[in-house]
Structures are given as structure tokens and as C-alpha cells.
Amino acid sequence: MSYFSELAFQYIDGEWRGGNGSWDIVDFNPYGGEKLASITVATVEEIDLAYRAAERAQPSWGAINPYVRRQVFERVLRIIEDREKELTETIIAECGGTHVKAGFELHLAKEFLREAIQLALRPEGRIIPSPVDGKENRLYRVPVGVVGVISPFNFPFLLSLKSVAPALALGNAVVLKPHQNTPICGGGLVAKVFEEAGLPAGLLNVVVTDIAEIGDALIEHPVPKVISFTGSDKVGRHVATVAASHFKRSILELGGNSALVVLDDADLDYAVDAAVFSRFVHQGQVCMAANRVLVDRAVEREFTEKFVAKVKSLKVGDPGDPTTHIGPLINEGQAETISSLVDQSIAEGATALVRGRAEGTLVEPSVLGGVPEGSAILKQEIFGPVVVLIPFDGEEEAVRIANDTDYGLSGAVHTGDIERGVRFARRIHTGMIHVNDSTVHDEPIVPFGGEKFSGLGRLNGESMVEDFTTTKWISIQHGRSQFPF
């Protein structure tokens, strides 16, 4: 069954309803171009309805025994397991994700739900000593109340769940705004699985809308205390500014310009496999993707030959075909941006070792070498199937090049000496880096996040407790205090 017509609505206070805006968001299949759904945008008034519903529902949810609360997440997990085939088809249709990408997304979604089940029991209080005789200090971890979540288009089901499930597990209510290009996977599907799992009405609300309709109402509204945003650093900077001006906490998971570094003692065949996956998984539309592959000159020629051959073997086409490696970009505008970036880099002096063609939303992979130091492509997140190969002479130069970016999300280093790899990794200014692996990793209990323009805060595991609860101090005076007047 297709979920598109069924879920092409707003979900507010437990009801599926049409929006009251003056225009529609039209959801297209990025590969075939067919219309999947049309959703009338939510207005500022509906944003208020969603937040007020969340505000009303949260106190009783936060007071529920967490052992009872976590049963909802157990049921959500079973629903996803039972409907994995339908969910896979929906991800392929709306996101243009290949079977590999859809499987990866659903696997991680289930893992994060398993962690949410445990997270419900994680908040713990403390009793700490006092310098005042007879005083007892108790620290409580309590829900923040209502959380606003804004999710992206690349892994919409996973990245919505990644904030929604922990926030709910810890006793909060949520208002979720999915990306306009993926309103079903990022919004409607999330609401549907929680509704079927018995989540009480009002605790999760989904509003499909656009800043052109609501401005900053989603962030400025007085009800939410935390805004969790995943997306570009440009939008993230705006979210952080608006949230801070209203004394709200923001958790920002933003873009990257990751480097995968191949040292002179690396297993080259393995490094090639890791680098190709790190750059081209989901057409390169991954914040952790390796934009830059740095290779020691001692092995540059052999690595480049093998890397280029592997890239040329990748199959581009229909994401519904299980043999496809690279499907469409999310829309034609993104495809045009990527093609223009490659053209600009070649005009600036880069050499196209592989020059992919573009047709509609399908963009074949490109491999660029000899990119001049000042080239724009070296400084930005690419978010498409284009990679830059950069030679270096020794570790010092590799460290300098890897750190020469405003971003600091992920990275990888390949070497035959693990401790050498760890020493190198510690010198790279990123929130995450992997020795002898790809740059693309996410695990439920390991802190996930970046440095510099790649974001603020961390998600996953204990970090979620910090993100979605607050500390309350209650002191008890067992004797009688002495006052100066």
C-alpha cells in the first residue's frame, strides 16, 4: 500500500486535518517526477494549535511511570519491523534512495528506537551535600516540556525519529516540521507509527509548512523550550540566532566537509572501497560524506587508478532497481547546482578524472584532481556525487589540509598502524573521526555532532538526556535556618 494519499495532511492534537494556508506543497518522486501528494501548508495559527496541544498533553505524559511510557516505543518498533517492505518502497519513492540507502535508514531507525526504550529510564536524580547544617540538596532531571524538531530531506524518517523518539521517551511533547521535499517520510509516517502504537493525542504533532508562510513562528513561539534542527549551516545559524534571542536551547546538527585520509601504509584496496562508499552513498547527500579524499603521494598513483575504476563501475539510475548504486538527487535545482560546481572547478583549473553527465535529477559521479587551493569546491559542503582527490607529502601536510575548512563533522584515516591512525585522528578538528573505516557512521549510544560550523551540541545516548531534560534543585531544611533579620 502507498502511504502518500493517506498521510498528505497536517497531524495536530491527534487529528489528521488539512492546512489552512493559501498554497500547497507538492511532493514529487525525484526519479520519475510523478506527483506523490499535495499538502496545503500550515499557517501561523496552526503552529499555535500544535504547540498548545503539545503543551496541554505533556504534563500527564511526563508524570507517567517511565516503564509504562516506554511500551509505546516497543510497539512502534514492532510496527516498523512488520511494515519494513512498505516503508522501504516509500523511502525509495519520496527520497530517491536506493535499496541500500533505505535498508541503512530503517536499520538505524530501529536501533534508535531500541535506545529510546532504554532512554525512558535514564534520567536519575542526585543528593549532594550542603555546607549548611541540616540541609539536604536534591537534584531532579525533569522534562523540558515541549520540543520543536525540524528535520532534513536526506534521511527524513531516521532523522525525525532521532530527535522525536528521545524527546518523547524523556517525557516531553513534540512539534515536528519535516522538510518540504519529504513531508511523508519525515512527518506523516512518523506520526502514523506513533498513532498506531497508542501515543496519546497531542504529544506528537506534525506541521507541513514553509518559512514563506510562517516566518520564524515555529522557533519564536513561547511554548517550545528546545529546538532540534538538522540541516545546512546557513539555516542553522538563523535558527540558533532566533532561538537564542528567545532564550531557547538549540541543538544543531549541520553540514560537513569531511576528509578521508589515506596514509602511505594503508591497505589501498580497502581504502578505495571505504572512500567510494563515504562519498557516494545516497548520491553524496549525507552530511558525513567525504567531500575530500587526501592521499599520500607515495601511493597516489596506485590509489587513484583503483579509485577511478571503482567509481566508473557504479550504476546510476532507477533507485527501485536493487542493483542501482546512485539514484537521483532530491530535485533538479540541486542537480543543476552540483553540475555548475563541477564546471566552475574545471574552469578554475581542476582536472576531471571522471566527468559525470547530468540528466534531470540523475547526476553521474565526478572525480576531480588538481583542484587549485583557492577553489570554492574545497571550502563547502558538496551534497552530491562529486569528490576531490588531493595529494599530500607526509602527515603534517595532511593534517593542515584536513583542518583547512570551516566545518568539523566527521572524517576518516586509513593506515596499517592503528595507533598511528589514532594519533593522526586526534589532531583533526572534528566531532567524529574513524580509523580504517568510512566517514559515514551513526550509533545510538555514541555522541553524534560536530565542531565549528558543523553544529552545536550532541545527539544520541546520554547526550539526549542533557538535550531534552533540565535540572531542578530542591533543597530541604530539616532543622531551622538562622536569618540575619
Is there a side-chain contact between [X] and [Y] (heavy atoms, below 4.5 Å)?
{"X": "L268", "Y": "V262", "value": "yes"}
{"X": "I214", "Y": "L218", "value": "yes"}
{"X": "F157", "Y": "T90", "value": "no"}
{"X": "N65", "Y": "Y67", "value": "yes"}
{"X": "I150", "Y": "T230", "value": "no"}
{"X": "P447", "Y": "S463", "value": "yes"}
{"X": "D13", "Y": "R56", "value": "yes"}
{"X": "R355", "Y": "V342", "value": "yes"}

Any donor-acceptor N or O pair under 3.5 Å, side chains [X], [Y]:
{"X": "N20", "Y": "T43", "value": "no"}
{"X": "D406", "Y": "N257", "value": "no"}
{"X": "K315", "Y": "T324", "value": "no"}
{"X": "D24", "Y": "T40", "value": "yes"}
{"X": "Q285", "Y": "N154", "value": "no"}
{"X": "E6", "Y": "W16", "value": "no"}

Side-chain donor-acceptor distances from residues 381-388 under 3.5 Å, at least two apart:
{"residue": "E381", "atom": "OE2", "partner": "G256", "partner atom": "N", "Å": "3.1"}

Considering all heavy atoms, the nearest [X]-[Y] contact:
{"X": "F28", "Y": "G33", "result": "CD2-O, 3.4 Å"}
{"X": "S454", "Y": "G408", "result": "OG-N, 2.9 Å"}
{"X": "W61", "Y": "L168", "result": "NE1-O, 2.9 Å"}
{"X": "A8", "Y": "A37", "result": "CB-CB, 3.8 Å"}
{"X": "L170", "Y": "P143", "result": "O-CG, 3.3 Å"}
{"X": "V239", "Y": "L252", "result": "CG1-CD2, 4.1 Å"}

Which value, rounded to the nearest 0.5 Å, describes the distance between [X] atom [atom1] and [Y] atom [atom2]?
{"X": "Q283", "Y": "C95", "atom1": "CD", "atom2": "SG", "answer": "10.5 Å"}
{"X": "L7", "Y": "L36", "atom1": "CG", "atom2": "CG", "answer": "12.0 Å"}
{"X": "F73", "Y": "I117", "atom1": "CZ", "atom2": "CD1", "answer": "8.5 Å"}
{"X": "E253", "Y": "D442", "atom1": "CD", "atom2": "CG", "answer": "9.0 Å"}
{"X": "I25", "Y": "H179", "atom1": "CD1", "atom2": "NE2", "answer": "9.5 Å"}
{"X": "C185", "Y": "E105", "atom1": "SG", "atom2": "CD", "answer": "7.0 Å"}

Item to complete: Please assess H282 against V440 for the test side chain to side chain contact (heavy atoms under 4.5 Å, CB included), listing each intermediate value before the final yes or no.
Response: CA-CA 11 Å; H282 194 38; V440 180; over 6 Å; no
Practice prompt. Flag yes if more than 12 heavy atoms outside E34 fall under 6.0 Å of its CD atom; otherwise flag no.
Written response: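 More than 12 heavy atoms, drawn from other residues, nucleotides or ligands, come within 6.0 Å of this atom.
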Worksheet item: Are there more than 12 heavy atoms of other residues, nucleotides or ligands under 6.0 Å from atom CD1 of I445?
Response: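 Incorrect, the count does not exceed 12.
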Practice prompt. May I have the step-by-step check of salt bridge (Lys or Arg N to Asp or Glu O under 4.0 Å) for E220 and K248, ending in yes or no?
Written response: CA-CA 9 Å; E220 293 176 334; K248 300 177 190 291; over 6 Å; no
Worksheet entry | Stepwise salt bridge (Lys or Arg N to Asp or Glu O under 4.0 Å) test for E81 and R78 | CA-CA 5 Å; E81 290 173 336; R78 288 196 295 272; over 6 Å; no
Is a side-chain donor or acceptor of [X] paired with a backbone partner of [Y] at a separation under 3.5 angstrom?
{"X": "N29", "Y": "G96", "value": "no"}
{"X": "T439", "Y": "M288", "value": "yes"}
{"X": "E94", "Y": "I184", "value": "yes"}
{"X": "D321", "Y": "D318", "value": "no"}
{"X": "N460", "Y": "E443", "value": "yes"}
{"X": "R357", "Y": "L362", "value": "no"}
{"X": "T209", "Y": "A42", "value": "yes"}

Worksheet entry | E74 with R69: basic N within carboxylate O range, under 4.0 Å |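 The answer is no: the pair does not qualify as a salt bridge.
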Fill in: salt_bridge(D269, K306) N-O dist < 4.0 Å
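Between K306 and D269 there is a salt bridge, with a charged N closer than 4.0 Å to a carboxylate O.
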Practice prompt. May I have the step-by-step check of side chain to side chain contact (heavy atoms under 4.5 Å, CB included) for V293 and I390, ending in yes or no?
Written response: CA-CA 6 Å; V293 176; I390 305 173; over 6 Å; no
Item to complete: Going by the side-chain contact (heavy atoms from CB on, under 4.5 Å) test, name the single residue among V371, I377, T405, L260 that passes it with R292.
Response: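 Going through the options one by one, the only one that passes is T405.
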Practice prompt. May I have all residue pairs that pass salt bridge (Lys or Arg N to Asp or Glu O under 4.0 Å) and include part of residues 455-464, sequence neighbours excluded?
Written response: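 Found R122-E462, E451-R458.
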Discussion item. Does anything in residues 201-219 form a salt bridge (Lys or Arg N to Asp or Glu O under 4.0 Å)? List the pairs, not counting sequence neighbours.
Written reply: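 Sorted pair list comes back empty.
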Item to complete: Starting from the C-alpha separation in whole Å, work towards a yes-or-no answer on side chain to side chain contact (heavy atoms under 4.5 Å, CB included) for F229 and L254.
Response: CA-CA 8 Å; F229 170 82; L254 309 179; 3.6 Å; yes
Item to complete: Take the angle between the ring planes of Y270 and H414 and call it parallel below 30°, perpendicular above 60°, tilted in between.
Response: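 Ring orientation, 0 to 90° scale: tilted.
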Got a sec, which residues hit ring-ring contact (aromatic ring centres under 6.0 Å, His included) with [X], two or more places apart in sequence or on another chain?
{"X": "W23", "answer": "none"}
{"X": "H441", "answer": "H434"}
{"X": "F112", "answer": "none"}

Can a cation-pi geometry be assigned to [X] and [Y], taking NZ or CZ under 6.0 Å from the six-membered ring centre and within 45° of the ring axis?
{"X": "K310", "Y": "F280", "answer": "no"}
{"X": "R237", "Y": "F453", "answer": "yes"}
{"X": "K162", "Y": "F448", "answer": "yes"}

Practice prompt. Check the pair F194 / V164 against side chain to side chain contact (heavy atoms under 4.5 Å, CB included), numbers first and verdict last.
Written response: CA-CA 10 Å; F194 274 99; V164 167; 4.2 Å; yes
